[in-house]
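Presented below is the structure to which this report refers.
When a ligand or atom number is given, it counts from 1 through the structure's own listing order. Index from 1, following the sequence.
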Amino acid sequence: MDAVQTQSRPVDTPNAAFTPRVLSGIQPTNHLQLGNYLGAVKRFVEMQDSGIQTLYCIVDMHAITVWQNPEDLTRATRELAAGYLAAGLDPKRSILFNQARVPEHAQLAWVLNCVARMGWMRRMTQFKEKAGKNQEEASVGLFTYPVLMAADILVYHATKVPVGEDQKQHLELTRDIAIKFNNDYGVDFFPVTEPVIEGVATRVMSLRDGTKKMSKSDPSDMSRINLTDGADEIAKKIRKAKTDPEPLPETLDGLVDRPEARNLVNIYAALAETGAAEVMAEFAGKPFAEFKPQLADLAVAKLAPLSSEMARLMQDPAEIDRILTEGSERARTIAQPIVKRTYEIVGILT
Ligand code: TYM
């Protein structure tokens, strides 16, 4: 997590003609982890209360760009919906849905695949990381993944997209695709979306290695806090989190070359809804033996109620399915006319 990189990229094209609208999404793979919560879901809830229309999806079609066991995918989709609800997303105030139920995402993605350039796609660092050394074996879907993400956003003319730092390059691509489409067809049809990458938790790092991002797919479960973890697991993972032998420094500058210490301070700040400077003011000079138990107490107080609420919601999968179906229908009423108009602009008979 990096306290310095908290600014959104400046917007060079104002979207005055577009109704402000927020969209974001999360992949239903494994369990939600603390980075997803602090970097994304918690921000989604804040934006739900900002008076702007908010749409939050579960990107099941993105999930299958790498192999997913079908039963696990279904469970993870419902569990992510339970996570959204437990964190405070309200299906009356936000549109909550799963991507595949709104076929307009895939329809627009095809058109945008024909706008995006190979050279742009080859620069996507997340593809290189996920495909690893053997790119020939990666699915074609994994390569065009960011175009589907652009479609998720542009199919609603969304103007703001709250995400963690790792999604920045994908959102820049979304802007490039929107600009190229508008230029190619001589229209001002798609907005140039504003990434919202703000706060102290835009990049929560692994608890085992402060230079690696906390991730749902890290092979070590001790590297992350899952939102399904109970109080004992949360406390144990924080107790065992890697640190260095020095006490906490006197100032924020003292955290610069101490990634693990900086990560724990940022996690504390994000959970306590304060700044890293305030946390430093409280704990400067204190040893980790004193800081960690306080962080563990805070994390348990904030996260354990979420995991028990998720477990409760998971007992009624029919209700979760009902919420997602209804959300998908509402989402389609926005997406359908936008795809129709896109086809007309391109010259496709509809
Ligand atoms: P995904 O599923 O990997 O992650 C979901 C959200 O969580 C954020 N995040 C983090 N934030 C802080 N620290 C971390 N360690 C951390 N790990 C994950 C991610 O930045 C993201 O905001 N491509 C997207 C999903 C997507 C999407 C979209 C997002 C598909 N379509 C349209 C926005 C708009 C992804 O894989 O996120």
Side-chain angles (χ1 to χ4, degrees), residues 1-3 5-6 8 21-44 47 54-66 68 76-77 79-80 83-84 87 97-100 102 105-106 108-109 112 124-127 129-130 141-142 144-156 158-175 177 193-218 223-227 259 263 266-267 270-271 331:
M1 196 157 58
D2 194 333
Q5 295 171 311
T6 56
S8 306
R21 186 175 284 149
V22 174
L23 175 125
S24 198
I26 297 184
Q27 296 193 65
T29 48
N30 305 322
H31 300 299
L32 270 175
Q33 43 85 6
L34 184 65
N36 301 132
Y37 175 63
L38 296 176
V41 184
K42 201 162 179 295
R43 316 292 325 286
F44 297 177
M47 296 190 99
T54 44
L55 294 103
Y56 298 118
C57 61
I58 297 173
V59 291
D60 39 17
M61 293 199 298
H62 277 108
I64 60 168
T65 56
V66 298
Q68 301 298 324
T77 302
E79 189 182 287
L80 179 50
Y84 279 177
F97 65 104
N98 62 304
Q99 182 190 37
V102 184
H105 289 237
L108 184 63
L112 301 185
M124 294 293 113
T125 54
Q126 203 155 55
F127 172 75
E129 280 161 25
K130 286 198 178 173
L142 188 66
T144 63
Y145 174 117
V147 177
L148 179 59
M149 180 162 162
D152 297 339
I153 296 165
L154 297 177
V155 82
Y156 301 104
T159 53
K160 287 174 188 276
V161 182
V163 284
E165 180 65 34
D166 62 343
Q167 297 301 314
K168 194 169 175 216
Q169 195 187 32
H170 289 159
L171 293 184
E172 285 167 1
L173 181 87
T174 302
R175 293 161 64 92
I177 291 175
T193 306
E194 182 192 347
V196 184
I197 305 172
E198 287 168 355
V200 276
T202 57
R203 196 168 170 82
V204 177
M205 307 309 279
S206 157
L207 298 179
R208 306 303 304 160
D209 177 351
T211 63
K212 261 175 54 186
K213 191 185 72 172
M214 185 181 284
S215 157
K216 297 184 206 118
S217 54
D218 193 304
S223 70
R224 63 179 163 263
I225 293 174
N226 303 302
L227 287 208
N263 189 36
N266 282 344
I267 291 174
L271 287 170

Option nearest [atom] (shortest heavy-atom distance, choices [options]):
{"atom": "atom 24 (C) of ligand 1", "options": "Gln99, Glu165, His105, Gln167", "answer": "Gln167"}
{"atom": "atom 9 (N) of ligand 1", "options": "Val163, Val59, Asn36", "answer": "Asn36"}
{"atom": "atom 19 (C) of ligand 1", "options": "Asp166, Leu34, Ile153, Thr193", "answer": "Asp166"}

Got the closest protein heavy atom to [atom], with its distance?
{"atom": "atom 1 (P) of ligand 1", "value": "Lys216 NZ, 3.9 Å"}
{"atom": "atom 31 (N) of ligand 1", "value": "Asp152 OD2, 2.6 Å"}
{"atom": "atom 10 (C) of ligand 1", "value": "Gly35 O, 3.4 Å"}
{"atom": "atom 13 (N) of ligand 1", "value": "Val204 N, 2.8 Å"}
{"atom": "atom 33 (C) of ligand 1", "value": "Ser24 OG, 3.4 Å"}
{"atom": "atom 25 (C) of ligand 1", "value": "Gly25 O, 3.5 Å"}
{"atom": "atom 22 (O) of ligand 1", "value": "Gly164 N, 3.1 Å"}

Open item on the list: Do Phe127 and Tyr145 have side chains that approach each other closer than 4.5 Å (heavy atoms only, starting at C-beta)?
Closed with: no
Open item on the list: Does any part of the side chain of Val22, heavy atoms only, come nearer than 4.5 Å to the side chain of Tyr56, both counted from C-beta?
Closed with: yes
- [ ] Have a look at ligand 1 and work out which part of Ala201, if any, has a heavy atom under 4.0 Å from it: side chain, backbone, both or neither.
- [x] backbone
Per-atom contacts of ligand 1 with [X], taking only distances under 4.0 Å to non-hydrogen atoms:
{"X": "Thr202", "answer": "11 (N), 12 (C), 13 (N)"}
{"X": "Val161", "answer": "33 (C), 34 (C)"}
{"X": "Gln33", "answer": "17 (N), 18 (C)"}
{"X": "Lys213", "answer": "15 (N)"}
{"X": "Gly39", "answer": "11 (N), 12 (C)"}
{"X": "Tyr145", "answer": "23 (N), 24 (C), 25 (C), 35 (C), 36 (O)"}
{"X": "Ala40", "answer": "6 (C), 7 (O), 22 (O)"}
{"X": "His62", "answer": "30 (C), 31 (N)"}

Open item on the list: For Asp218 and Arg224: C-alpha separation, side-chain torsions, deciding distance, then whether salt bridge (charged side-chain N to carboxylate O under 4.0 Å, His left out) applies.
Closed with: CA-CA 8 Å; Asp218 193 304; Arg224 63 179 163 263; 5.0 Å; no
In Å, rounded to the nearest 0.5 Å, how long is the span from [atom1] of [X] to [atom2] of [Y]?
{"X": "Tyr37", "Y": "Ile26", "atom1": "OH", "atom2": "CD1", "value": "11.5 Å"}
{"X": "Asp60", "Y": "Asn98", "atom1": "CG", "atom2": "CG", "value": "4.5 Å"}
{"X": "Leu80", "Y": "Ile58", "atom1": "CG", "atom2": "CD1", "value": "4.5 Å"}
{"X": "Leu227", "Y": "Lys216", "atom1": "CG", "atom2": "NZ", "value": "10.5 Å"}
{"X": "Leu207", "Y": "Leu34", "atom1": "CG", "atom2": "CG", "value": "7.5 Å"}
{"X": "Leu173", "Y": "Gln169", "atom1": "CG", "atom2": "CD", "value": "8.0 Å"}

Open item on the list: I want to know if ligand 1 touches Met214 in the polar sense, i.e. an N/O pair below 3.5 angstrom.
Closed with: yes
Task: Any Gln126 heavy atom less than 4.0 Å to ligand 1 - done: no
TODO: Have a look at Met149 and tell me which of Leu171, Leu112, Ile177 forms a side-chain contact (heavy atoms from CB on, under 4.5 Å) with it.
DONE: Leu171
TODO: Pick out which of Gln33, Lys213, Lys212 makes a side-chain contact (heavy atoms from CB on, under 4.5 Å) with Ser206.
DONE: Lys212
Task: Whether over 12 other heavy atoms sit under 6.0 Å from Lys160 NZ - done: no
Open item on the list: If the threshold is 4.0 Å, N to carboxylate O, is there a salt bridge linking Arg43 and Glu198?
Closed with: yes
